[in-house]
Amino acid sequence: MNGGARLSLTGAQAGIWLAQQLAPEHPVYNTADAVELSGPVDEALLATHIRGVLNDAEALHVRIVEGRGGPEQVLAPRSSRAWDLPVLDLRDGADPAAAAQAYMEADLAQPVDLAAGPLFATALLRTGDRTWTWYL
């Protein structure tokens, strides 16, 4: 899909878009995954690769916009794909694993703006000297 090209929504996209119009404050379609990493991790290298992979995944950069015949999907240009990769060190807390879980649950509860994006959130959560969680 070329940046700026508009395409019709798939059936699944149309259903999600309609549900979000009816209840924009509800994150019912948010999904998440967490990958537990143990051992030595080069934080900077991992963050660089996460950024690269997520920037190249075009499906994560689709926006749903109003078109002449209803909603359409458009790929956000690379220049407008701003997103954060928080790197949080939770080792000082009483229960770093519980803090990581709470962070992920709070983020997952946030509604997504299908027109503005991004359609994903991610973070690197350090829970021990040799343990990390990559949240997506």
Side-chain angles (χ1 to χ4, degrees):
M1 177 178 207
N2 295 328
R6 290 177 176 231
L7 298 174
S8 298
L9 299 184
T10 66
Q13 287 172 319
I16 292 170
W17 177 84
L18 181 59
Q20 292 265 247
Q21 299 306 301
L22 296 172
E25 71 288 347
H26 201 287
V28 69
Y29 290 102
N30 289 359
T31 62
D33 205 352
V35 178
E36 301 295 328
L37 306 169
S38 60
V41 171
D42 182 330
E43 173 187 328
L45 184 61
L46 180 58
T48 296
H49 286 287
I50 289 171
R51 284 184 182 98
V53 167
L54 296 182
N55 278 335
D56 287 344
E58 289 186 343
L60 298 176
H61 301 286
V62 167
R63 304 295 180 257
I64 308 299
V65 297
E66 285 295 330
R68 289 185 182 172
E72 299 174 326
Q73 59 178 308
V74 62
L75 180 61
R78 282 198 177 269
S79 61
S80 69
R81 295 182 190 178
W83 55 275
D84 292 327
L85 174 59
V87 179
L88 305 175
D89 190 339
L90 305 173
R91 292 178 290 175
D92 289 340
D95 188 345
Q101 186 68 32
Y103 175 91
M104 293 183 285
E105 289 174 3
D107 183 76
L108 191 56
Q110 298 300 311
V112 174
D113 183 342
L114 299 176
L119 301 182
F120 66 95
T122 189
L124 280 174
L125 309 170
R126 189 164 194 177
T127 56
D129 291 339
R130 296 174 52 90
T131 57
W132 293 77
T133 298
W134 172 34
Y135 163 70
L136 177 62

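Because only heavy atoms are used, hydrogens play no part in the values below, and waters and symmetry mates are left out as well, while side chains stay in.
Note: the hydrophobic cluster containing Leu37 does not contain Leu125 (ILVMFWY, side chain heavy atoms under 4.5 Å, direct or indirect links). Cluster annotation: Val41 is not connected to Leu45 through the hydrophobic network of ILVMFWY side chains, with a link wherever side-chain heavy atoms come within less than 4.5 Å. Note on Trp83: it does not cluster hydrophobically with Leu75, by side-chain heavy-atom contacts below 4.5 Å among ILVMFWY residues. By the criterion of side-chain heavy atoms lying less than 4.5 angstrom apart, applied directly or through intervening Ile, Leu, Val, Met, Phe, Trp or Tyr residues, Val87 is not grouped with Val53; the two fall into different hydrophobic clusters. The hydrophobic clustering, which links ILVMFWY residues whose side-chain heavy atoms are closer than 4.5 Å, places Leu108 and Leu119 apart.
Under the 4.5 Å side-chain criterion, counting only non-hydrogen atoms from C-beta, Trp132 is not in contact with Ser38. Residues Leu46 and Leu124 are in side-chain contact: their nearest non-hydrogen atoms beyond the backbone lie under 4.5 Å apart. Side-chain contact between Gln73 and Arg6: absent, with no pair of heavy atoms (C-beta onward) separated by less than 4.5 Å.
Of the possible polar contacts, none joining the Arg63 side chain to the Ala76 backbone as a donor-acceptor pair under 3.5 Å is found. Of the possible polar contacts, none joining the Gln20 side chain to the Trp17 backbone as a donor-acceptor pair under 3.5 Å is found. His61 places a side-chain N or O within donor-acceptor distance of the main-chain N or O of Leu54, the cut-off being under 3.5 Å. With Arg91 contributing its side chain and Arg126 its backbone, the two residues share no donor-acceptor pair below 3.5 Å. Between the side chain of Asn30 and the main chain of Gln110, a donor-acceptor pair closer than 3.5 Å is present. Using a distance-only test at 3.5 Å, with no hydrogens or angles considered, a donor-acceptor pair links the side chain of Asp113 to the main chain of Ala115.
Here the rule is side-chain hydrogen bond (donor to acceptor under 3.5 Å, both in side chains) with Glu36, and of Thr133, Thr131, Thr127 only Thr133 fits it.
Summarising the geometry, atom CD1 belonging to Ile16 is positioned 12.5 Å from atom CD belonging to Gln21; distances are rounded to the nearest 0.5 Å. With rounding to the nearest 0.5 angstrom, the OG1 atom of Thr122 is 8.5 Å from the OH atom of Tyr135. Expressed to the nearest 0.5 Å, how far CD of Glu72 lies from CG of Leu7 amounts to 8.5 Å. To the nearest 0.5 Å, atoms CG (Leu18) and CD1 (Ile64) are separated by 12.5 Å.
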### Task
Run the numbers on Arg51 and Asp56 for salt bridge (charged side-chain N to carboxylate O under 4.0 Å, His left out), then give the verdict.
CA-CA 9 Å; Arg51 284 184 182 98; Asp56 287 344; over 6 Å; no
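Of all heavy-atom pairs spanning Ala34 and Met104, the tightest one is CB-SD, 3.8 Å. In terms of heavy-atom proximity, Pro27 sits nearest to Ala109 at CG-O, 3.2 Å. Of all the heavy atoms in Pro111 and Pro24, the pair that sits closest is CB-O, 3.3 Å.
By the side-chain hydrogen bond (donor to acceptor under 3.5 Å, both in side chains) test, Glu43 pairs with no residue at all, sequence neighbours left out.
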